[in-house]
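Beneath this line is the structure, given in structure tokens, with notes to follow.
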2 protein chains.
Amino acid sequence: MKLAAGVEWALHCCVVLSRATAPVPGARLAELHDVSRSYLAKTLQSLSRAGLVSTTEGRDGGYLLVRPASEISVLDVVRAVDGTEPAFRCTEIRQQGPFPTTGEACLSPCGIAKVMHEAEQAWQTSLRQVSVADLAATFEATSGSAALRQLSGWLAG
Amino acid sequence: MKLAAGVEWALHCCVVLSRATAPVPGARLAELHDVSRSYLAKTLQSLSRAGLVSTTEGRDGGYLLVRPASEISVLDVVRAVDGTEPAFRCTEIRQQGPFPTTGEACLSPCGIAKVMHEAEQAWQTSLRQVSVADLAATFEATSGSAALRQLSGWLAG
DNA sequence: GTTTACTTACTCGGATAATTACTGTCCGAGTCAGGACGG
DNA sequence: CCGTCCTGACTCGGACAGTAATTATCCGAGTAAGTAAAC
């Protein structure tokens, strides 16, 4: 099981954007995290399609959070970037082979799929309980409030 | 996020093996699930390396569970096949760019990594609570106890 | 002074390669069961 | 009748291609601000 690398970037970008007032260009975000601007754009597009960030084109354009950071959960970001496909996909292999299960038993999802699905729900529930605002608050606590303020100034300049 | 396809096969194989008394050849397991024997062997090797199944070579050889099915959790199987690498790998991109976080703040894992790690723990906890024996019991309940008995006979013959 | 049109530079977006991991396949080394032979 | 040896075939294990997805990159379409000119 592997999560897309862009998830980490997207989360960091959202934290930065939570402190931004004016649109932040993708190039600036890329420079800040030292990643390729072109590839980061792909990730930001995912956030845009999911309705998490708004894009402003033209000069002085860039990205901005649509909702308040407190109303954006980590799960929202993860699902936007990594997709909503479940990690476990039951192929119902029981229906193959010399002893296929009867149709009736296959109508209800097989026990394995059920267990895997419940685990994924637990994972999502855990991510849903944390918002981008919470992350930003954690950063302020560990890095000091001056850091984000300094960063905001750099974004503006 | 995507789980390896072999996880599903491995779980089904473990359920079957939980009802087996004699070693079951990989070819038989492959035929039962209608998958490639060679590729299924790759998955079974993972289970063997993890110490979940024992292998018997030579004639009448095959695979057998080492521990009782009630002492093998779904998480054991998933970790054996899919690996123990965490889905989220923090690359500490904060240390890059024009505003790297101070060394002190980086010693402790960053808030994002912490959240993702906790979610993964929740996922694992959910999978740990279900054993292979539980899965087998579910199958007996849905498919009827006759199904697994019939299957055992086929495995022996 | 105000309005208007233009130029300019900067933005995002989608289409396009390179790499990595996963999926699938093959053949060889090792081993146990069964049978034949000799005692 | 029993023990030993041999044969044989079947088993798993690791090494080898094919394919799909992720990662990374490029260039073009579109837009808003700034500027200069006309009214």
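Labels below follow one simple rule: chain letters A, B, ... track the order of the sequence lines, proteins then strands, and each chain is numbered from 1.
Using a 4.0 Å heavy-atom criterion, one finds that R37(A) contacts the bases of the nucleic acid, with or without backbone contacts as well. Counting any heavy atom pair closer than 4.0 Å across all strands shown, G62(B) reaches sugar-phosphate atoms only and no base atom.
The D60(B) side chain lies nearest to dA33(C) when the options are dC12(C), dA33(D), dA33(C). Here the nucleotide nearest the side chain of E57(A), chosen from dT23(D), dG30(D), dT23(C), is dG30(D). Side-chain proximity of S36(A) to the nucleotides dC12(D), dT25(D), dA33(D) is greatest for dT25(D). With distances taken from any side-chain atom of R59(A) to the nucleotides dG30(C), dT25(D), dA33(D), the minimum falls on dA33(D). Among the nucleotides dT11(D), dG13(D), dA32(D), the one closest to any side-chain atom of P25(B) is dT11(D). Counting only heavy atoms from C-beta on, Y63(B) has its side chain closest to dC12(D) among dG13(C), dC12(D), dT23(D). Residue R49(A) has its side chain nearest to dG14(C) when only dT23(C), dT25(D), dG14(C) are considered. Set against dG14(C), dG14(D), dC12(D), the side chain of Q45(B) has dG14(D) as its closest nucleotide. If you check dC12(D), dT25(C), dG13(C) against the side chain of S38(B), the one that comes closest is dT25(C).
With sequence neighbours left out, E118(B) forms a salt bridge (Lys or Arg N to Asp or Glu O under 4.0 Å) with K114(B).
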Self-check item: side-chain hydrogen bond (donor to acceptor under 3.5 Å, both in side chains) evaluation trace for S131(A) with E71(A)
Solution: CA-CA 7 Å; S131(A) 72; E71(A) 294 178 14; over 6 Å; no

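Summarising the geometry, the separation between CH2 on W9(A) and C1' on dT23(D) is reported as 8 Å, rounded to the nearest angstrom. Atoms NZ (K42(B)) and P (dG24(C)) sit 12 Å apart, rounded to a whole Å.
The aromatic rings of Y39(A) and W9(A) stand perpendicular to each other, their planes meeting at an angle above 60°, with 30° marking the opposite boundary.
With S46(B) contributing its side chain and K42(B) its backbone, the two residues share a donor-acceptor pair below 3.5 Å.
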